[in-house]
Amino acid sequence: MRELKSALRKELIAKRKAMDSGAKSAADSDIFEQLKPFLDGAGSVFIYASTEIEVDTRRAIGYCFERGIPVALPVSGDEELSFFYINSISELSRGRFGIDEPSKTRAAVPDERTLCVVPALCADGEGLRLGYGRGYYDRFLSGFRGKSVILCYKDFRREVPAEPHDFRADFTIFDA
């Protein structure tokens with residue numbers, strides 16, 4: 001299973017890198033519009049800073065700032081994710097794995113009103129996703145009491161090879 005997932009990740013990353021920028025931008029806008037009601041209903045939002053091949057999350061982060069919704073981003077440890085609040089995108093700096101991360105100054109603790117936005121290379125629409133292979137979000141979500149939502153492009157909707165430790169998210173948003 002490990003080899004299957006690894007090969008699939010390579011294929012999906014290459015396909016993501018080849019996405020047409022106009023189509024990606026349109027899909028990002030559609031996904032953001034669908035995400036807004038989830039953001040509006042959240043007491044706080046735990047969200048990742050998207051890379052160039054991921055669904056854009058920076059618009060959602062700005063949307064939360066405009067509405068006074070607390071925003072926290074992850075920092076990757078050896079085995080776990082820890083989330084820290086930010087007040088501005090400008091507070092982020094390149095961290096582990098080349099991902100923008102916050103400073104570790106204001107630790108965030110989720111509760112039942114927290115929304116966790118989860119990255120995915122592909123998703124099945126039933127809550128399963130294929131991430132980047134380190135299991136950070138599976139471990140985090142296993143003890144998470146809030147709601148979780150996967151953001152994924154419709155062209156990356158597919159059956160996901162799953163293992164017992166793979167944790168299902170509550171919702172999945174695809175572009176129309």
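Because the structure is a prediction, the values reported are computed rather than measured.
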Is it possible for you to say whether [X] and [Y] belong to one hydrophobic cluster, with membership spreading through side-chain heavy-atom contacts below 4.5 Å?
| X | Y | value |
| --- | --- | --- |
| Phe65 | Tyr85 | no |
| Leu130 | Tyr48 | yes |
| Val117 | Phe174 | no |

Nearest-0.5 Å distance that lies between atom [atom1] in [X] and atom [atom2] in [Y]:
| X | Y | atom1 | atom2 | value |
| --- | --- | --- | --- | --- |
| Leu73 | Glu101 | CG | CD | 9.0 Å |
| Asp28 | Asp56 | CG | CG | 5.0 Å |
| Ile53 | Tyr153 | CD1 | OH | 9.0 Å |
| Phe84 | Phe46 | CZ | CZ | 10.0 Å |
| Cys152 | Ile31 | SG | CD1 | 7.5 Å |
| Asp155 | Cys122 | CG | SG | 12.5 Å |

Heavy atoms only: give me the nearest [X]-[Y] pair and the separation to one decimal.
| X | Y | value |
| --- | --- | --- |
| Val71 | Cys64 | CG2-CB, 3.3 Å |
| Ile150 | Gly127 | CD1-O, 3.5 Å |
| Cys116 | Leu141 | SG-CD2, 4.2 Å |
| Pro70 | Gly43 | CD-O, 3.2 Å |
| Ile69 | Ala42 | CG2-O, 4.0 Å |
| Pro102 | Pro74 | CD-O, 3.5 Å |

Would you mind reporting whether [Y] and [X] have side-chain heavy atoms less than 4.5 Å apart?
| X | Y | answer |
| --- | --- | --- |
| Phe83 | Pro110 | no |
| Thr114 | Val45 | no |
| Phe32 | Tyr63 | yes |
| Thr57 | Val55 | no |
| Leu81 | Tyr137 | yes |
| Leu121 | Tyr132 | yes |
| Ser29 | Arg59 | yes |
| Val75 | Lys104 | yes |

Do [X] side-chain atoms and [Y] backbone N/O form a donor-acceptor pair below 3.5 Å?
| X | Y | result |
| --- | --- | --- |
| Arg113 | Ser44 | no |
| Asp170 | Ser148 | yes |
| Asp166 | Glu163 | yes |
| Glu91 | Ser88 | yes |
| Lys154 | Ala176 | yes |
| Lys24 | Glu54 | yes |

(message) Ring of Tyr136, cation from Arg139 - is the NZ or CZ under 6.0 Å from the centre and inside 45° of the axis?
(response) yes
(message) Would Lys15 pass as a cation-pi partner of Phe156, given that its NZ or CZ must be under 6.0 Å from the six-membered ring centre and within 45 degrees of the axis?
(response) yes
(message) What I want to check is whether the side chains of Thr172 and Arg129 have a donor and an acceptor closer together than 3.5 Å.
(response) no
(message) Tell me whether Lys36 at atom NZ has more than 12 heavy atoms from other residues, nucleotides or ligands lying less than 6.0 Å away.
(response)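 More than 12 within 6.0 Å, yes.
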(request) Please assess Arg58 against Asp100 for the test side-chain contact (heavy atoms from CB on, under 4.5 Å), listing each intermediate value before the final yes or no. (result) CA-CA 11 Å; Arg58 293 168 194 266; Asp100 287 344; 2.9 Å; yes
(message) I'd like to know if Arg157 pairs up with Asp124 as an ion pair, taking the criterion as any Lys NZ or Arg NE/NH1/NH2 lying under 4.0 Å from an Asp or Glu carboxylate oxygen.
(response) no
